[in-house]
Amino acid sequence: MSCVSSERSALSRLRTSFAVLAVLSATATPSLAAAATQAELEAKVQSLAEQLAALQAELAQMKAQQSANSSSAPASAPAVTSATAVPSSGSASPLSFFGYGELNYSQPRDNTADTTADLARFVLGVGYRFDDRTRLVSEVELEHAVSSSEDPGEVEVEQAYIEHQLTNSIFAKAGLFLIPTGLLNENHEPTRYYGVFRNFVETAIIPTTWREGGLAIQGNSEIGLRWDAGVSTGFDLSKWDATATEGLESPLGSIHQELALAHGKDLSVFGALNYTGVPGLRVGASVFTGGASQGQQGFDGAHITLWEAHTRWTPGAFDLSGLYAHGHISNTQVINTALVGNPTLIPENFFGWYLQGAYRLFDHGRYNFSPFVRYERFNTAADYAALPAGLTPDTLADQKVWTTGFNLGFAPGVVLKADYQWFRDSALSDRFDLGIGYQF
Amino acid sequence: MNNKHSTLLGGAGLLAMTLPVSVVVAGEYLSVETAQRAAFKQADRFDEIDLTLNADQQKAILALAGPQPPHGKLRVWRATQSARLLGYFFTDEVIGRQDLISYATSIDAGGKLGEVEILVYRETHGAEVKNRAWRQQFAGRDNLAQLQFTTDIKNIAGATLSCEHVTQGVRWLLALWQTTLHGS
C-alpha cells in the first residue's frame, strides 16, 4: 500500500473507532446496565482502546517513514557526481549590484562639424534586501562622462527608494522613484528600446527619465492588471527660463525638480493602469497632475497635468507599439504677460505620439537582429494662453521624425545599434547614429 | 491638495480595494507542497533527488538550453504513484531584474512541461510575470524548439527581464530532463 493511502486508511480506522466509542458511551445508560451486558461492554471498550493504541503507533511510524523518504535520495536518483548543478548564483547576499550604460556617435548630414561621440550614460545601481519584504533600490548616473564646472557632465541620483511588500499583490514605495508613465520611463535601459537615442515623444513631452520623491503603491493581479497610485513632489514653474530654449525642447524637462532641494508646497498625484493579461500585449494609460506654483510669487494658480495612453503588442517576431501623450499647463496667461519680450514663453498645451514597428529577423543563441522603423509627431508648444493682441507667441509647427535602423544583440544584455533619422518641419538636421548599450 | 487630487486619490484607493488581494506569508505565493500537488494530483510520493552534475553534463545542458541568467537554489523531486514514475517536480530561482524569482514547474514522464508557478517574487519591477496567462504558455510543451522567448513564449513589455529569465530557466530544466533525468 502506498504511503499516503495507508495513512488515509489508518486515519479512517481511527475515526471509526472514535465513532464507535462515542456511540457506546451514549448508549451505555444505567437502565441497560445489566451485570452480564456491562461486562461485555467493558470488554469491548478495552478491546477498542487496545486497537486505538496500535493504530496510533502505526500512524506515528508511517509519518516518520514518510518524513525520512522525502529528505533522502532514493536509490534510483540520477547517477551524477559533481558538486554544482546549476549556473552560478549570487543569491546568498542581500546586496546586489546592477547597472547600464550607453555610448553613442551621431553625425548630422548637413553640418558634420557638429558630429559628437559621447558616453551618454554610465549608471551603477545598488540594491539591498533588508528582509524578505523590504528592499532598497538605488541608481547613480553619470551623464556625458565628466562632471565639473567646465564640463557638460552631470552626476545624478536617478532612483533611491525603499519598497515594501504589503500583501501578495501590493507593494508600497517611498523615496525617489520613477513615475509609472509611458513605455520607456520605467524601462529606459538601452537594451529595452529601439534606436540609439530614446524616442522624442518620451523625451520632449514625457521627460524620461522622470522621477519624483513621494509615496506610491503598486498592485498586480493574476489576471494581468497592474495599477499604480501615489503622491509625490511635482513641477516648479518658477524654474522656467524664458531666455533659454530648453523649455521648447522639453517643457516639463526644464521644470522638473528631481528631488534636489525640491519645492514641496504643491504636491502632485498620479495613477496608472496597465493590462498585460494577454501574453505579448500591453495596454495602459497614466495621469500625473498637481500644482506647479510651489508658493513662488507670480506663479499663483499654475497647475500641470500630463496624461498618456500606450500599447505594445508582440505577435510572433513582430514588436509593435504606439503612444500618445498630452501635457497642459493652466493659468499661464498672467505669468506669460510678465515674460513678454523673452524668446520662450510657457506653452499651454503640448503633445506627441508615435508608432513603431520592429521585426526580429534573426534570433540564435546570443545573437539577435531586429530592424525597426518609427514615426513620431510632436509639438512642445502647440498652444499658448491668449495674451493681449499681438503679444501671444506663434505656436510651433508639429515636428515629424522618421527613424529607421536596427538593434543587434550579441551577448545577453549588450546591444549594438545604428539608425538614420529624418526630421521634417524641424530645424534639426537629418543624422546618422551609432551606439552601443548594455545592462546587467 | 485640492478637491481634484482628493478625488483621484480616493478613486485609486477604491480601485485598490476592489482588486483581488490575498494575504502574503513572507512573500510566498504558493507553498512547494501545494505546487507539487497541483502538478501531480495522482502522486502518492515526492522523493527529493540529491542532484549534482559533472562538468560534461553541465556543458551538455547549457548547449541545449542556451544562455542562462544567474540561478539560485535548484531542487528536484521524483513524483510517483505506487512506485510508478509520474514525472519530476522542480523548484528553481533565477534573477529577475535585481533579485531572485523563485518558481516551480514539472515535467511528466513523457517529457511534457506542466504549468509554471511563481513561488516567491521579491521586487516591484517585473511583477507582471505572475500573470496566469503568461505562465500558462509553458504547459504542454516538450521540445526546446518550442520554447523560444518572444516567439513561442510571448514577452510582457515592462517585465522583459523577468519573463526572459524564467523562460531561460525553464529551458535549462527541460534540457536537464532530456540529458540526465530521462530514463534514469
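Below, chains carry the letters A, B, ... as their sequence lines are ordered, and counting in each starts from 1. Keep in mind it's a predicted model, so treat the numbers as computed, not measured.
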So, for [X] and [Y], which heavy atoms are closest and what is the spacing to 0.1 Å?
X: A:Arg135; Y: B:Gln98; value: NH2-OE1, 3.1 Å
X: B:Lys154; Y: A:Gly280; value: CB-N, 3.5 Å
X: B:Ala127; Y: A:Gln218; value: CB-NE2, 4.3 Å
X: B:Ala133; Y: A:Pro279; value: O-CG, 3.5 Å
X: B:Tyr121; Y: A:Phe171; value: O-CZ, 4.3 Å

At a heavy-atom separation under 4.5 Å, does [X] approach chain B through its side chain, its backbone, both, or neither?
X: A:Asp363; result: side chain
X: A:Tyr161; result: side chain
X: A:Ser96; result: side chain

Within a strict 4.5 Å, meaning less than it, do heavy atoms of the A:Gln165 and B:Glu123 side chains meet?
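No, every pair of side-chain atoms sits at 4.5 Å or beyond.
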Sub-4.5 Å side-chain heavy-atom contact between A:Arg192 and B:Leu161:
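Contact flag for A:Arg192/B:Leu161 side chains = yes.
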The test is side-chain contact (heavy atoms from CB on, under 4.5 Å); show your working for A:Arg129 and B:Asp99 and say whether it passes.
CA-CA 9 Å; A:Arg129 194 170 58 244; B:Asp99 219 328; 2.5 Å; yes
Contact leader toward chain B among A:Gly127, A:Pro412, A:Gly316, where contacts are heavy-atom pairs under 4.5 Å:
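Max contact count across the listed options: A:Gly316.
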Return yes if some donor-acceptor pair links the side-chain N/O of B:Arg132 with the main-chain N/O of A:Ile223 below 3.5 Å, else return no.
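Between the backbone of A:Ile223 and the side chain of B:Arg132 there is no qualifying donor-acceptor contact (under 3.5 Å).
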Under a 3.5 Å distance rule, please check whether A:Glu163 uses its side chain to pair with a backbone N or O of B:Thr124 as donor and acceptor.
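A pair under 3.5 Å: yes.
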Can you find a side-chain donor-acceptor pair between B:Asn131 and A:Thr276 that sits under 3.5 Å?
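There is such a pair (donor and acceptor under 3.5 Å, judged by atom type) between the side chains of B:Asn131 and A:Thr276.
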Does a side-chain N-to-carboxylate-O contact under 4.0 Å join B:Arg122 and A:Asp132?
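Result for this pair is no, no salt bridge flagged.
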